[in-house]
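For reference, the structure discussed in these notes is given below.
Naming convention: chains lettered A, B, ... in sequence-line order (proteins, then strands); numbering from 1 in each chain. Note: hydrogens, waters and symmetry copies are ignored here, and every other heavy atom, side chains too, is used.
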Amino acid sequence: MNHELNQLMTFSEEQSMLQDTAMTFFSDKSPMAAVRAQIETRDGFERGLWNEMVALGWTSLAVPEQQGGGGLGLAEAICIAEPMGRHLCSAPFLSTQLFVQALLNGGDEGQHAEYLSRIVGGAIGTVALFESDGNWDLSSIAARAERDRGGFVLTGSKSLVTDAEAADIVLASVRVDGAPALAIIARDELADGALRREIVIDETRRSFAMNLDGLRIPVLRMIEGAAAARAFASIRNAALLLLAAEASGGTAGVLRLVVDYLNTRTAFGRKIGSYQALKHPCVEMLIGLERARSHVYHAASLLAAGADAEIALRMAKAQACDALAFAGDRAIQFHGAFGFTYECDAQLFLRRALWLQYGFGDAGHHRRHLANQLLGAT
Amino acid sequence: MSDLDEFRQEVRAWLEQNRPPPPEFLLPESFMEVGTDAQFHYLRDWQRKVYDAGYLGMSWPMEYGGGGRPQAYQNIVNAEMARQQVPFVPNTIGLNWAGPLILAIGSEADKHRYIPGILSGEDIWCQGFSEPDNGSDLANCQTRAIRDGDEYVITGSKIWTSLGSYAKYMILLARTDPAVPKHAGLSYFLAPMHVPGIEVRPIKKLTGEFGFTQTFFDDARIPATCLMGQEGEGWKIAMLTLTFERGAAGGQAGGLSMMPVGVDDVVQLARTATRDGRPAIEDPLVRDRLVQFLIDAQGDRLSGARARIRALCREYPMAIGLSGKLRGSEHRRALCQFALSLEGANAVRWVGDVDAQDGGKWQRSYFNAFSATIGGGTSQVQANIVAERVLGLPKD
């Protein structure tokens with residue numbers, strides 16, 4: 001088999017400007033003090049900041065212009081996701097993008113008109129895909145929808161649903177006649193007590209178990225068949241890309257944190273950054289980061305060109321999340337005793353690293369799939 | 001079809017028709033491993049043939065024997081050579097380090113005198129930077145050059161001289177002024193090797209083969225015109241040489257300087273070699289490692305593409321360029337080390353054993369891979385450079 005993989009790399013003026021604006025925006029609006037303050041709040045993000053992102057058109061950048069959106073795509077969305085990751089901003093951008101991509105690629109015209117325009121208006125969307133068995137396979141679904149009097153009745157539970165409480169609209173994966181489908185659910189339709197906040201490793205994130213038992217939805221709100229397959233594929237693409245972009249940003253952020261500390265702290269009469277035992281792993285972090293960025297921008301370039309990006313996306317996710325996991329781990333160690341405290345920001349990055357690492361397949365999971373694609377099945 | 005596509009077809013066909021037949025002996029893997037006269041002549045003849053066909057120094061000025069064409073043509077040749085795995089051209093130090101340096105800052109006379117022989121392979125070049133007592137600490141160079149009339153008198157010793165047995169010229173770093181701080185007292189010479197007082201002794205490598213020499217200078221007299229730049233500029237010029245050597249600056253004449261070992265070759269090995277009675281490629285642990293190597297290799301290739309887009313390299317503009325040697329050499333070492341594990345119990349066989357997989361190529365590759373992780377500044381020194389110059393960490 002030939003591994004002369006595609007090396008497309010494009011970056012438009014528009015992406016560059018967007019990236020500039022977003023870098024400044026999140027640097028200003030999401031300092032570590034603000035990140036820590038949000039840990040204590042119900043939703044985990046500041047409404048004012050979300051409203052500004054809405055006003056800038058960022059949350060609806062992938063919505064077509066005819067619905068009032070930006071008419072852009074995932075290649076532009078990473079220009080927002082990367083700086084968000086760098087500054088650990090937890091506004092429900094990613095959840096909303098997954099919702100938008102699924103609806104965009106799996107929804108019909110009526111669904112586009114109804115739901116995408118609400119995103120333009122500032123609505124928050126999310127996706128409910130996983131269940132308590134922790135399986136990353138999006139087609140492994142136990143929740144069901146039974147046909148009933150021109151609609152559906154749902155049973156089962158989803159878990160690890162991000163931003164569910166703050167969300168206005170949710171896409172939940174269910175099985176209809178045995179096949180994977182997606183139900184469009186308004187958040188306020190959920191019964192009292194249907195959401196239970198999960199306690200997760202990344203305290204800046206909000207994650208929920210969602211009980212669907214007895215929920216009725218009209219037939220027009222079920223995405224089935226080939227449309228559902230397109231929606232699932234687009235969720236996977238978007239998730240791998242945006243998580244990888246967020247992880248790249250996180251690695252850049254934590255690397256800067258470590259380098260600043262190593263340039264400040266002295267031990268045995270020297271700046272600790274002068275010790276090769278600390279210096280060299282920082283270079284390893286940098287190399288991991290640079291490789292991750294290359295994979296991320298390449299995968300985005302392929303998606304923008306409408307090319308098959310599965311290999312590139314899996315590589316990007318594996319590389320970017322492994323790089324952040326390494327950087328987060330070393331960041332704790334290199335802060336010494338301070339690194340062992342809650343007060344040290346390194347723990348925030350390590351928690352984020354683990355959150356991203358185990359979302360939508362860890363590196364080992366993706367390497368296993370890549371092995372089948374690149375080396376042939378066994 | 002564009003001009004470049006047409007050219008690619010032309011080169012492809014030429015290489016297919018003109019690649020030399022495989023020799024009786026095991027070829028060296030890089031210009032640093034040329035250990036026998038038979039290997040040297042085989043490779044130099046090949047360089048001459050490539051140059052005569054117009055496929056070396058394509059972007060160098062025509063007046064000095066170059067092709068006067070855009071770099072894109074040479075890039076196509078290099079890529080095709082790698083793709084077809086033809087033998088490498090041996091005069092790497094001339095083609096890719098000394099040559100671009102002379103073109104960048106040499107005198108007009110230097111360019112006319114040296115460039116044609118570099119391209120044809122007539123004049124082999126070697127490098128006299130490292131010394132026995134200061135491997136990676138280049139600035140601590142102790143070899144003396146003392147001006148005496150219109151000559152310099154050289155005394156001291158250089159080590160790890162690749163192609164030392166065959167070189168006509170050496171890019172030589174020597175101390176002209178011991179009284180000033182160490183970086184300031186160095187000068188740079190384009191020195192002839194065939195003068196009285198210079199002796200080269202082959203060094204036997206960890207593989208048991210030859211390839212390097214130690215070069216001894218015992219009051220060797222070279223013309224004062226060999227001085228490059230001014231006295232005291234040696235450090236600056238040596239650093240410029242290293243930017244060519246490490247691939248951080250363009251301007252190389254091109255051609256392969258080693259037999260590329262890529263992940264694809266190891267994937268191929270995994271299909272043929274067996275572990276625990278099954279093709280190694282069926283072992284899940286092997287598959288995981290192979291894919292990790294593929295991800296790293298693809299990441300590095302993509303970084304090359306990204307480095308050309310400034311907006312995508314704003315945070316650490318020098319990171320990709322300055323880490324190239326570190327990434328590339330360590331990747332190759334790890335890959336060759338891993339290759340052995342695919343052979344099961346046969347991993348212990350060495351070159352010459354009849355049952356050695358691929359003639360013991362992988363075992364030798366692993367040992368030789370250290371030449372790139374050590375030579376030209378060890379990986380540890382490379383990491384210091386990246387840490388200090390890219391990340392802004394303090395010096396030791």
Residues in residues 239-248 of chain A near chain B [non-hydrogen atoms, under 4.5 Å]
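Listed by number, there are no contacting residues, so the answer is none.
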
Quick check on [X] against chain B: is it the side chain, the backbone, both or neither that has a heavy atom closer than 4.5 Å?
X: A/Q19; value: side chain
X: A/T10; value: backbone
X: A/L255; value: side chain
X: A/L370; value: both

Is there a donor in the side chain of A/R291 and an acceptor in the side chain of B/Q298, or the other way round, less than 3.5 Å apart?
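No, no side-chain donor-acceptor contact under 3.5 Å.
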
Using a cut-off of under 4.5 Å for heavy-atom pairs, which of A/I272, A/L262, A/D20 has the most such pairs with chain B?
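It is A/D20.
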
Stepwise side-chain contact (heavy atoms from CB on, under 4.5 Å) check, A/H295 with B/I295:
CA-CA 9 Å; A/H295 279 293; B/I295 293 174; 3.6 Å; yes

List the atom pairs, donor and acceptor, that lie under 3.5 Å between side-chain atoms in residues 310-330 of chain A and the rest of the protein, sequence neighbours left out.
residue, atom, partner, partner atom, Å
A/E310, OE1, A/Q373, NE2, 3.4
A/E310, OE2, A/R314, NE, 3.0
A/E310, OE2, A/R314, NH2, 2.9
A/E310, OE2, A/Q373, NE2, 3.2
A/R314, NH1, A/H366, ND1, 3.0
A/K317, NZ, A/L356, O, 2.9
A/K317, NZ, A/Q357, O, 3.4
A/K317, NZ, A/G359, O, 3.0
A/K317, NZ, A/G361, O, 3.0
A/Q319, NE2, A/G288, O, 3.2
A/D322, OD2, A/R367, NH1, 3.4

Find the one option among [options] whose heavy-atom pairs under 4.5 Å with chain A are most numerous.
options: B/R314, B/R308, B/K395; answer: B/R314
options: B/L312, B/D300, B/L290; answer: B/L312
options: B/I309, B/L391, B/V386; answer: B/L391

Can you measure from CZ (B/R306) to OG (A/S301) and round to the nearest 0.5 angstrom?
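Going from CZ on B/R306 over to OG on A/S301, the span is 11.0 Å.
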
About how many Å separate OG of B/S303 and OH of A/Y297, when rounded to the nearest 0.5 Å?
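Interatomic distance, A/Y297 OH to B/S303 OG, rounded to 0.5 Å: 12.5 Å.
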
So, do B/D283 and A/T378 sit near enough that their side-chain heavy atoms are less than 4.5 Å apart?
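Side chain of B/D283 against side chain of A/T378, heavy atoms only: no contact under 4.5 Å found.
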
Min side-chain heavy-atom separation B/L393-A/C282 under 4.5 Å:
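A side-chain contact exists here, since the closest heavy-atom pair is under 4.5 Å.
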
[X] side chain to [Y] main-chain N or O, any donor-acceptor pair under 3.5 Å?
X: A/K271; Y: B/D396; result: no
X: A/H298; Y: B/A305; result: no
X: B/D288; Y: A/R368; result: no

Nearest non-hydrogen partners of A/S294 and B/L302, listed with the distance:
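Residues A/S294 and B/L302, closest heavy atoms: CB-CB, 3.7 Å.
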
Partner of B/E315 by side chain to side chain contact (heavy atoms under 4.5 Å, CB included), out of A/R86, A/M23, A/E290
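Answer to the side chain to side chain contact (heavy atoms under 4.5 Å, CB included) test with B/E315 among A/R86, A/M23, A/E290: A/R86.
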
